[in-house]
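Below is one structure, written out as structure tokens, with a few remarks after it.
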Amino acid sequence: MVIVSDYMEKVNATSGQTFILLELSGGLELVQSQNTGKFYATSRKCRIPSTFTADVAKLMVGQQIEGDIVRVESDPYEYTNKTTGEIITLAHSYAYRPKGSMELLGESRLEVVEEKINQKSYKLAV
């Protein structure tokens, strides 16, 4: 089971159209830091596109969805932990898998493609 934990409004870099991403969060996990060896609590997250308006997406926050968030191998990239400032190299991202399906939806890695005044535009990394 996953939960809709947040939503964000983004701009498609190619078409310029605005769309809404839903952020999905999985259950609690304990992960060991590559640098310090200490454990910390986290949850797997990914984002999936939606057809919702921002008002409807706001109502979806807190909704539970059958399925899970699974690890997907990717090319290595650097990630900065926003809480600790620790920079680590990762070679995976996460995607949503509906219950009973092998299909994966969404990605957890986002790239900044352009910056607007007080707003960044993102695209899903492939």
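Atoms considered below: every heavy atom in the structure, side chains included; atoms not considered: hydrogens, waters and symmetry mates.
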To the closest 0.5 Å, what do you measure between [atom1] ([X]) and [atom2] ([Y])?
X	Y	atom1	atom2	answer
Ile3	Gln64	CD1	CD	5.5 Å
Ser93	Ile69	OG	CD1	11.5 Å
Tyr7	Ser50	OH	OG	11.0 Å
Glu9	Thr53	CD	OG1	9.5 Å

Q) Cluster question for you: counting only ILVMFWY and a side-chain heavy-atom cut-off of under 4.5 Å, with indirect links fine, are Tyr79 and Tyr40 together? A)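 No, separate clusters.
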Q) What about Val31 and Val72, same hydrophobic cluster or not, with Ile/Leu/Val/Met/Phe/Trp/Tyr joined at side-chain heavy-atom distances under 4.5 Å? A)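 Unlinked, Val31 and Val72 end up in two clusters.
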Q: For Glu73, enumerate each residue passing the side-chain hydrogen bond (donor to acceptor under 3.5 Å, both in side chains) test, keeping only those at least two apart in sequence or located in another chain.
A: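 Applying side-chain hydrogen bond (donor to acceptor under 3.5 Å, both in side chains) to Glu73 gives Arg71.
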Q. What are the two closest non-hydrogen atoms of Phe52 and Ala57, and how far apart are they?
A.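 Smallest interatomic distance, heavy atoms only, reads CB-N, 4.0 Å.
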Q: Taking all non-hydrogen atoms of both residues into account, name the closest pair between Leu28 and Ala41 and its distance.
A: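 Looking at all heavy atoms of both residues, the shortest contact is CD1-CB, 3.6 Å.
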Report the residues that fulfil side chain to side chain contact (heavy atoms under 4.5 Å, CB included) with [X], sequence neighbours left out, ordered by chain and then residue number.
X	value
Gln32	Phe39
Leu59	none
Ser15	Asn12, Gln17

**Q.** Sequence neighbours excluded - salt bridge (charged side-chain N to carboxylate O under 4.0 Å, His left out) pairs with any residue from residues 54-63
**A.**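 Sorted pair list comes back empty.
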Q) Under the salt bridge (charged side-chain N to carboxylate O under 4.0 Å, His left out) rule, what pairs show up with a residue in residues 29-42, not counting sequence neighbours? A)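 Every pair satisfying salt bridge (charged side-chain N to carboxylate O under 4.0 Å, His left out) with a residue in residues 29-42: Glu29-Arg44.
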Q. With sequence neighbours excluded, what pairs up with Glu66 under the salt bridge (Lys or Arg N to Asp or Glu O under 4.0 Å) test?
A.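 Listed in chain order: Lys99.
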Q.
Per the side chain to side chain donor-acceptor pair (under 3.5 Å) rule, what does the pair list look like for residues 80-89, sequence neighbours excluded?
A.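 The answer is Ser33-Glu86, Asn35-Glu86.
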Distance-only donor-acceptor pairs under 3.5 Å for side chains of residues 18-26, two or more places apart:
unit_1: Glu23; atom_1: OE1; unit_2: Ser5; atom_2: OG; d: 3.1
unit_1: Glu23; atom_1: OE2; unit_2: Arg47; atom_2: NH2; d: 3.4
unit_1: Ser25; atom_1: OG; unit_2: Ser5; atom_2: OG; d: 2.7

Q: Might you work through the side-chain contact (heavy atoms from CB on, under 4.5 Å) test for Val2 and Tyr96, ending with a clear yes or no?
A: CA-CA 9 Å; Val2 300; Tyr96 170 69; 3.8 Å; yes
Q: Could you walk me through whether Tyr77 and Leu90 pass side-chain contact (heavy atoms from CB on, under 4.5 Å), step by step?
A: CA-CA 5 Å; Tyr77 63 97; Leu90 299 176; 3.7 Å; yes
